[in-house]
Amino acid sequence: MSKKSPKIAALIQSFEGQPWPAHYLGYFACFNEGLFYEAHDVLEELWLAERGGPRDGFYKGLIQFAGAFVHLQKGRLRPAAALFRLSQSYLGRYPDRFDGLDLARVRSLADEWVASLETNGFADNPLPRNGPPRLNMEG
């Protein structure tokens, strides 16, 4: 059970018994709803439980990726770019397809968002204009 809000706890519980950890699936559900802070929180619980294990950097990278969008939602463009880069540093250690996720696409998205922020000299937030991406697991 999640230590977070009842809504998030219920979401996580709805994923119990699936082939992937419920917190991992909850991350994608929250992310795709634009609930980036919640996505970060949900996956952080899994990361804390498995810290130092083989997925440590993978989870940290996904947490940072969601965190970058939290910064974009709050209009903090430079910190968003820094978190996109940090997510790249963690996710770059894993193969292009990992744990049902097209990680090459996630890394490419991080590059695209940083480029968009830098191209405009951090003067324009691309999130309201472009909307957030969706992250989908592969079968």
Side-chain angles (χ1 to χ4, degrees):
M1 181 67 102
S2 176
K3 297 177 190 143
K4 307 300 176 189
S5 75
K7 179 181 175 184
I8 298 299
L11 173 76
I12 293 167
Q13 189 173 16
S14 74
F15 290 117
E16 292 293 337
Q18 300 292 319
W20 299 101
H23 285 80
Y24 184 58
L25 296 173
Y27 170 86
F28 295 105
C30 290
F31 189 96
N32 289 335
E33 290 292 321
L35 303 171
F36 304 114
Y37 184 82
E38 291 81 354
H40 162 281
D41 258 6
V42 166
L43 196 59
E44 187 175 60
E45 283 194 41
L46 182 59
W47 170 70
L48 288 171
E50 299 199 9
R51 196 170 21 193
R55 288 174 177 76
D56 181 78
F58 176 66
Y59 293 147
K60 278 196 270 190
L62 291 178
I63 289 167
Q64 300 303 335
F65 189 74
F69 285 98
V70 171
H71 282 299
L72 288 177
Q73 286 177 321
K74 295 180 181 218
R76 298 188 300 234
L77 307 185
R78 289 183 189 275
L83 283 186
F84 281 126
R85 288 187 195 103
L86 186 57
S87 76
Q88 290 279 55
S89 72
Y90 289 118
L91 298 177
R93 303 175 192 165
Y94 294 85
D96 287 348
R97 298 203 185 286
F98 189 77
D99 276 2
L101 183 62
D102 182 351
L103 210 45
R105 179 176 174 268
V106 175
R107 291 189 297 254
S108 177
L109 285 168
D111 284 339
E112 291 168 20
W113 283 91
V114 169
S116 180
L117 291 164
E118 290 177 343
T119 296
N120 296 309
F122 298 97
D124 180 49
N125 187 344
L127 185 60
R129 181 179 60 256
N130 299 337
R134 289 187 59 82
L135 297 180
N136 298 307
M137 294 184 62
E138 301 169 338

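In terms of heavy atoms, Ser87 sits closest to Ala110 at OG-CB, 4.2 Å. What you find for Gln73 and Gly34 is that their closest heavy atoms are NE2-O, 3.1 Å. What you find for Leu109 and Pro133 is that their closest heavy atoms are CD1-CB, 3.9 Å.
Side-chain contact between Leu83 and Trp113 is absent, with no heavy atoms from C-beta onward closer than 4.5 Å. With contacts defined as side-chain heavy-atom distances shorter than 4.5 Å, the pair Leu103/Arg97 does not qualify. Residues Phe98 and Leu91 form no side-chain contact, since every pair of their non-hydrogen atoms from C-beta on lies 4.5 Å or further apart. Contact check for Asn32 versus Asn136: side-chain heavy atoms found under the 4.5 Å cut-off. Contact annotation: the side chain of Leu48 never approaches that of Glu45 to less than 4.5 Å [non-hydrogen atoms, C-beta and beyond]. The shortest side-chain heavy-atom distance between Lys74 and Pro79 does not fall under the 4.5 Å cut-off.
With rounding to the nearest 0.5 Å, the separation of CG in Leu62 from CD in Glu44 is 13.0 Å. We find the CD-OH distance between Glu38 and Tyr27 to be 12.5 Å, quoted to the nearest 0.5 Å. One finds the CG atom of Asn125 at 7.0 Å from the CG atom of Leu117 (value rounded to the nearest 0.5 Å). For the atom pair CG (Leu43) and CZ (Arg55), the distance works out to 11.5 Å, reported to the nearest 0.5 Å. For the atom pair CG of Asn130 and OG of Ser116, the computed distance is 6.0 Å after rounding to the nearest 0.5 Å. Remark: Asp56 CG to Arg51 CZ distance equals 8.0 Å, nearest 0.5 Å.
Judged purely by atom type and a 3.5 angstrom limit, Ser14 uses its side chain to pair as donor or acceptor with the backbone of Leu11. A donor-acceptor pair under 3.5 Å is formed between the side chain of Tyr94 and the backbone N or O of Phe58.
Annotation: salt bridge (Lys or Arg N to Asp or Glu O under 4.0 Å) contacts involving residues 119-134, sequence neighbours excluded, comprise Asp124-Arg129. The salt bridge (Lys or Arg N to Asp or Glu O under 4.0 Å) contacts involving residues 80-89 comprise Arg85-Glu118, where partners must be two or more places apart or lie in separate chains. Counting only residues at least two apart or on different chains, no salt bridge (Lys or Arg N to Asp or Glu O under 4.0 Å) pair has a member in residues 62-72.
Cluster annotation: Leu86 is not connected to Leu101 through the hydrophobic network of ILVMFWY side chains, with a link wherever side-chain heavy atoms come within less than 4.5 Å. Put simply, Ile63 and Val70 are part of the same group of oily side chains (I, L, V, M, F, W, Y) that touch within less than 4.5 Å, one to the next. Under the 4.5 Å side-chain heavy-atom criterion for grouping Ile, Leu, Val, Met, Phe, Trp and Tyr, Leu135 is connected to Val114 within one hydrophobic cluster.
Residues passing the side chain to side chain donor-acceptor pair (under 3.5 Å) test with Glu112 are Ser108, sequence neighbours excluded. Among residues two or more places apart in sequence or in another chain, the ring-ring contact (aromatic ring centres under 6.0 Å, His included) test is passed with Phe15 by none. Take Phe122 and apply the ring-ring contact (aromatic ring centres under 6.0 Å, His included) test, not counting sequence neighbours, and it matches no residue. In this view, Asp96 and Arg107 satisfy the side chain to side chain donor-acceptor pair (under 3.5 Å) rule, not counting sequence neighbours. For Tyr59, there are no ring-ring contact (aromatic ring centres under 6.0 Å, His included) partners two or more places apart in sequence or in a different chain. The ring-ring contact (aromatic ring centres under 6.0 Å, His included) search around Phe36 returns Phe31, Phe69, not counting sequence neighbours. Asn120 is linked by a side chain to side chain donor-acceptor pair (under 3.5 Å) to nothing, counting only residues two or more places apart in sequence or in another chain. Applying the side chain to side chain donor-acceptor pair (under 3.5 Å) criterion to His71, with sequence neighbours excluded, gives Arg76.
Chaining together hydrophobic side chains whose heavy atoms lie under 4.5 Å apart leaves Leu35 on its own.
With ring centers used as reference points, Tyr24 lies under 6.0 Å from Phe28.
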